[in-house]
Amino acid sequence: MAEGWNAIAAEVAEAIRSVSDISQPGGYPAVLRRAGPASGDEWNPTPSAPTYLTIHVIEDSREMRDANGTLIGQTVRTLTTTAVPGIVPSDDDTIAVGVTDGASATEWLEIAAVRPIAPAGVAVLYEIDLRS
């Protein structure tokens, strides 16, 4: 059964890549910046160089509601990305949208939450909520 979901994940990844260029409304290339492991002692750690991972995302935003269903005036910006080639976003990462490499990024956004969409236990997509 897992092989079928892996094939679906690959199809979804190709579909998102096909619409994720800067000219498409709501679809972008993006770069995750992952902090490198710290070296040195625990009281004075020295961070190593970050790792940059290129992904493709589709952007959406939604208005938040309270428990009664009333709009609370807050909007959450959500990016959807593929699970292929196996890059798992984390809320420890930061992300730059609309760029293809870390060197050209001008604004790094904090990630508030990451939710996998994983039918049958195989991640097909990830939803990334950005901190506002």
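Keep in mind that the numbers below use all heavy atoms, side chains included, and drop hydrogens, waters and symmetry copies.
Taken to the nearest 0.5 Å, the CD1 atom of I117 stands 10.5 Å off from the OH atom of Y126. Here D129 contributes atom CG and R115 contributes atom CZ; the two are 4.0 Å apart, rounded to the nearest 0.5 Å. A distance of 8.0 Å separates CD of E127 from CG of L125, quoted to the nearest 0.5 Å.
In this structure, S90 and V114 have side chains that are not in contact, with every pair of non-hydrogen atoms separated by 4.5 Å or more. Between T80 and E59, every side-chain heavy-atom pair lies at or beyond the 4.5 Å cut-off. Side chains of T81 and I128 form a contact here, defined as non-hydrogen atoms less than 4.5 Å apart. Proximity of L130 to L79: side-chain heavy atoms (C-beta onward) are separated by under 4.5 Å at one or more points. At least one side-chain heavy atom of I55 sits under 4.5 Å from a side-chain heavy atom of V57.
With hydrogens and angles ignored, the 3.5 Å screen pairs no side-chain donor or acceptor of T78 with any backbone N or O of S61. Between the side chain of N68 and the backbone N or O of T70, no donor-acceptor pair lies under 3.5 Å. With hydrogens and angles ignored, the 3.5 Å screen pairs a side-chain donor or acceptor of T54 with a backbone N or O of T100.
R34 pairs with exactly one of T51, D92, T94, D93 by the side chain to side chain donor-acceptor pair (under 3.5 Å) rule, that one being D93.
Closest non-hydrogen pair, A123 versus A83, comes out as O-CB, 3.2 Å.
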Go through the steps to decide whether I95 and W108 satisfy the test side chain to side chain contact (heavy atoms under 4.5 Å, CB included), and finish with yes or no.
CA-CA 5 Å; I95 191 166; W108 291 99; 5.5 Å; no
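Electrostatic pairing of R131 and D91 does not count as a salt bridge here, judged by no charged N lying under 4.0 Å from a carboxylate O.
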